[in-house]
Amino acid sequence: SDQLYNFFIFYLKHIISVSVLELIVHGPSGPLVAPLGSSVVLPCYVDELLLMEGLEVEWRRTDSETLVHLYQDGESRAESQQQDYHDRAHFFTDQIQHGNFSLRLDNLSAQDKGVYRGMVPSQQDFGEIVVEIKDVERFLVSGSSRSISASVGEDVTLNCSVDSHITPEHIEEVSWKKTDEDKDSLVLLYQNNQTLSDSSDERYRDRAEFFTAEIPKGNFSLRLKSVRTEDKGVYTCQVFAGGLSAYATAELVQLGFSFSHIMVLILCISASGSALLLCCLIYCRSHNEVADVCSFIFC
Ligand SMILES: *[C@@H]1O[C@H](CO)[C@@H](O)[C@H](O)[C@H]1NC(C)=O
Ligand SMILES: *[C@@H]1O[C@H](CO)[C@@H](O)[C@H](O)[C@H]1NC(C)=O
Ligand SMILES: *[C@@H]1O[C@H](CO)[C@@H](O)[C@H](O)[C@H]1NC(C)=O
Ligand SMILES: *[C@@H]1O[C@H](CO)[C@@H](O)[C@H](O)[C@H]1NC(C)=O
């Protein structure tokens, strides 16, 4: 009789599901791809008008069953949303009455890649749609297009800028490193909205800085002050945002002495030469008998 009961239940469920699963929900024509930091709409709509009373719409991730967003009793239920989607997932509330249950997901990050299920379990019907966010596109970081020449003691700027569609809030970390054969040295670090100058390698402490006013534009160019001969080499600017990373390089070459250095050097030599002559002259004056010889040397 147990078997008979199970058989009966099975058929009953089947009959129910056939009669209930009649709501046709439309979704996108294929998987979605969107750039990091952008907003994406997960389309979901029905052709027929549903009763608003008791209408419930639920979006979940299929992998974790995480609740992305819920519409219940005539409003969005932000309190039941998983924390990570708070303020990031939105229904088009004014569209719901027209059977449009699309969900907008803002500030897209790599973790948002995955499969989402939209469910419409209303009083009369039940329908669902599966939408995949197949890829979150990487961002680009551009560096210096050519190598940079500088002279000892000069200040240089090494370019590094992040794609314009990445908002500054998205940028988790920017690190400038100098690549040497044996190890990488940290030149400058930016993390969670702050420049952490203290973590720089001591060779670069107090000599490396960002252009603070340029950071909101995604410009993380490095200002390296009073360069030294050992600063010559390849620098890497690595950016971490939304769980993705990208980098660019800049090369500092030909560290010579600058014109001003050479001028200073000439001045030093001539100054010490003059001083020597002056000393000689004073010496000669106090020893009159050799004055003639001195004047001769002086000439
Ligand atoms: C649903 O609403 C959104 C926002 O207004 C709109 O972009 C989208 O085209 C709508 N979808 C349908 C099928 O009407
Ligand atoms: C750095 O960027 C600026 C502005 O885009 C550009 O004018 C300059 O040529 C770049 N410098 C190098 C070395 O690529
Ligand atoms: C960084 O600063 C921006 C704007 O001041 C702010 O919106 C954001 O929440 C900050 N992020 C962190 C991680 O502090
Ligand atoms: C970044 O800012 C620096 C300093 O203002 C400027 O020299 C450089 O050209 C800027 N880079 C870009 C790509 O705008």
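Every number for a ligand or one of its atoms is a count from 1 in the order of the listing. Not measured: the values here are computed from a predicted model.
Annotation: side chain of Leu103 is not in contact with side chain of Tyr116 (no heavy-atom distance under 4.5 Å). Looking at Leu108 and Pro35, their side chains never come closer than 4.5 Å, going by heavy atoms from C-beta outward.
When each atom of ligand 2 is checked for a heavy atom of Ile148 under 4.0 Å away, the hits are 13 (C). In summary, the atoms of ligand 2 found under 4.0 Å from a heavy atom of Asn159, numbered by their order in the structure, are 1 (C), 2 (O), 3 (C), 8 (C), 10 (C), 11 (N), 12 (C), 14 (O). Interface of Glu214 with ligand 4, defined as ligand atoms under 4.0 Å from a residue heavy atom, comprises 1 (C), 2 (O), 5 (O). Each of the following atoms of ligand 4 lies closer than 4.0 Å to a heavy atom of Ser161: 13 (C). Close approach of ligand 1 to Tyr45 is summarised as follows: ligand atoms under 4.0 Å from at least one heavy atom of the residue are 13 (C). Close approach to Asn219 involves these atoms of ligand 4, each under 4.0 Å from a residue heavy atom: 1 (C), 2 (O), 3 (C), 8 (C), 10 (C), 11 (N), 12 (C), 14 (O).
With respect to atom 9 (O) of ligand 2, the closest heavy atom belonging to the protein is Arg146 NH2, 3.2 Å. Summary of contacts: the protein heavy atom closest to atom 8 (C) of ligand 1 is Asn100 ND2, 3.7 Å. In terms of protein heavy-atom proximity, atom 7 (O) of ligand 4 is nearest to Thr157 CG2, 4.5 Å. Given atom 14 (O) of ligand 2, the protein heavy atom at minimum distance is Ser145 N, 2.9 Å.
Among the atoms of Ser102, none of the N or O lies under 3.5 angstrom from an N or O of ligand 1.
Other residues, nucleotides and ligands contribute only 12 or fewer heavy atoms inside 6.0 Å of the OH atom of Tyr247. Applying the 6.0 Å contact sphere to CG of Asp206 captures no more than 12 heavy atoms from other residues, nucleotides or ligands. Atom CD of Glu202 sits in a sparse spot, with 12 or fewer heavy atoms from other residues, nucleotides or ligands closer than 6.0 Å.
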* **Tyr190 vs Phe210, side-chain contact (heavy atoms from CB on, under 4.5 Å): CA-CA, chis, key distance, verdict** => CA-CA 9 Å; Tyr190 173 92; Phe210 290 113; 3.7 Å; yes

* Evaluation steps, side-chain contact (heavy atoms from CB on, under 4.5 Å), between Phe139 and His170 -> CA-CA 11 Å; Phe139 55 97; His170 254 98; over 6 Å; no

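Using modelled atom types, one finds a donor on one side chain and an acceptor on the other under 3.5 Å when comparing Ser109 with Gln111. Between the side chains of Asn219 and Ser161, no donor-acceptor pair is found at a separation under 3.5 Å.
At least one protein heavy atom sits closer than 4.0 Å to atom 5 (O) of ligand 4. Checking atom 12 (C) of ligand 2 against the protein gives a heavy-atom contact under 4.0 Å.
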